Amino acid sequence: MDRQEFVRRTDAVKVRLYRTAYLYLGSEADALEAVDETVYQALRHLKQLRQPEFFDTWITRILINQCHRELRRRKRFAPEGEEALPDTAGPDDYDALPLKEAIRRLPEELRQVVVLRYFGGYTLSETAAALDIPQGTASTRQRRALQLLRLELGEEAKP
């Protein structure tokens, strides 16, 4: 893949990357920084991409790793028991406060699947590839996350 193709493919997924980063980090500024760092790292390591058809999954994986680094950094520097409040600006689908809080309280491996599937617009197979897990595991995590969200939001689980 040459640089022009990289730019074209990156432009095609930048909104999806931003939305995913925002949902992970809860901050517009941090999301923009994560996307910028992701694009930089992807360009630096472009020669390591063996199969260009998996570019979207590859760059998403880089973004997820970048978001995890930022979350670990926050944990080290945040006052004990305090979490940074998210910015008020962001994707409209995520603005409902009870849903945002319920998703934030999910275990990390379940939250990843929900964020990618329902707010990032990824398919189940793309989500599994981005998280480097089998598709069956992604499906199980999705089902478990939805059950927990229903309980958290007070909806009865459907049989």
Side-chain angles (χ1 to χ4, degrees), residues 6 9-52 54-91 93-97 99-149 152:
F6 176 82
R9 302 270 312 259
T10 301
D11 281 344
V13 296
K14 68 182 174 185
V15 171
R16 192 185 237 189
L17 292 174
Y18 169 75
R19 180 175 296 155
T20 301
Y22 178 82
L23 294 169
Y24 265 90
L25 302 173
S27 164
E28 186 175 354
D30 289 344
L32 289 170
E33 189 175 320
V35 171
D36 285 346
E37 183 64 22
T38 296
V39 172
Y40 170 72
Q41 291 298 329
L43 184 58
R44 273 187 64 213
H45 297 96
L46 186 58
K47 291 184 193 248
Q48 293 176 0
L49 177 62
R50 292 185 204 111
Q51 297 175 305
F54 295 120
F55 176 81
D56 292 4
T57 301
W58 177 73
I59 200 164
T60 301
R61 187 70 198 150
I62 294 170
L63 176 73
I64 291 168
N65 289 334
Q66 183 60 36
C67 290
H68 284 191
R69 278 192 288 282
E70 173 61 20
L71 291 172
R72 282 192 303 272
R73 187 195 67 76
R74 281 184 191 175
K75 241 182 225 183
R76 280 195 316 261
F77 295 111
E80 193 63 35
E82 271 187 47
E83 285 194 34
L85 293 174
D87 290 347
T88 56
D93 295 339
Y94 194 61
D95 281 344
L97 187 60
L99 177 60
K100 185 186 294 186
E101 290 301 311
I103 291 172
R104 187 183 60 77
R105 285 191 290 269
L106 285 174
E108 178 66 23
E109 68 273 359
L110 302 181
R111 184 172 57 241
Q112 291 173 339
V113 173
V114 169
V115 166
L116 291 173
R117 284 282 293 129
Y118 296 104
F119 299 103
Y122 292 88
T123 65
L124 188 60
S125 60
E126 290 171 332
T127 299
L131 296 174
D132 198 25
I133 59 176
Q135 189 168 340
T137 301
S139 179
T140 300
R141 288 180 183 178
Q142 173 185 312
R143 191 170 37 258
R144 181 70 180 133
L146 293 176
Q147 289 172 344
L148 290 173
L149 287 172
E152 180 79 23

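Position 1 is the first residue of the sequence, and the numbers go up from there. The shown structure was predicted, so the numbers you read here are calculated from the model rather than taken from an experiment.
- Here the side chains of L25 and R74 are in contact, with some heavy-atom distance below 4.5 Å.
- When all heavy atoms of T20 and G120 are compared, the pair lying nearest together is OG1-CA, 3.9 Å.
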>> Let's go through E108 and Y24 carefully: what are the C-alpha distance in whole Å and the side-chain angles of both, what is the deciding distance for side-chain contact (heavy atoms from CB on, under 4.5 Å) to 0.1 Å, and is it a yes or a no?
In response: CA-CA 10 Å; E108 178 66 23; Y24 265 90; 3.7 Å; yes
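- Looking at heavy atoms from C-beta onward, R61 lies out of side-chain contact with T57 at the 4.5 angstrom threshold.
- In this structure, the side chain to side chain donor-acceptor pair (under 3.5 Å) partners of R44, at least two apart in sequence or on a different chain, are Q41.
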Let me check something: any side-chain donor-acceptor pairs from residues 130-145 under 3.5 Å, sequence neighbours excluded? List them with distances.
residue: T140; atom: OG1; partner: G136; partner atom: O; Å: 3.0
residue: Q142; atom: OE1; partner: R117; partner atom: NE; Å: 2.8
residue: Q142; atom: NE2; partner: Y118; partner atom: OH; Å: 3.0

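- L106 CG to E152 CD: the interatomic distance, rounded to the nearest 0.5 Å, is 8.0 Å.
- Shown here for L148 and P107, the closest heavy-atom pair between the two residues is CD1-CD, 4.3 Å.
- In this structure, CG on L149 lies 10.0 Å from CZ on R105, to the nearest 0.5 angstrom.
- Proximity of I103 to F119: side-chain heavy atoms (C-beta onward) are separated by under 4.5 Å at one or more points.
- Looking at residues two or more places apart in sequence or on another chain, you find no side chain to side chain donor-acceptor pair (under 3.5 Å) involving R9.
- A search for side chain to side chain donor-acceptor pair (under 3.5 Å) contacts involving T60 returns Y122, not counting sequence neighbours.
- Between F6 and L43, the shortest heavy-atom distance links the atoms CZ-N, 3.6 Å.
- I59 contributes atom CD1, which lies 11.5 Å from atom CD of Q66 (distance to the nearest 0.5 angstrom).
- Every residue two or more places apart in sequence or in another chain was checked for a side chain to side chain donor-acceptor pair (under 3.5 Å) with H45, and none qualifies.
- Side chains of Y40 and D36 form no contact here, defined as non-hydrogen atoms less than 4.5 Å apart.
- Checked against side chain to side chain contact (heavy atoms under 4.5 Å, CB included), R72 has the following partners two or more places apart in sequence or in another chain: H68, R69.
- Residue P52 comes nearest to L49 through the heavy atom pair CA-CD2, 4.0 Å, listed as atom of the first residue, atom of the second, then distance.
- Rounding to the nearest 0.5 Å gives a distance of 9.0 Å between CG of L23 and OH of Y18.
- Using a distance-only test at 3.5 Å, with no hydrogens or angles considered, a donor-acceptor pair links the side chain of R111 to the main chain of R104.
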>> Between V113 and E109, is the side-chain contact (heavy atoms from CB on, under 4.5 Å) condition met? List the steps.
In response: CA-CA 7 Å; V113 173; E109 68 273 359; over 6 Å; no
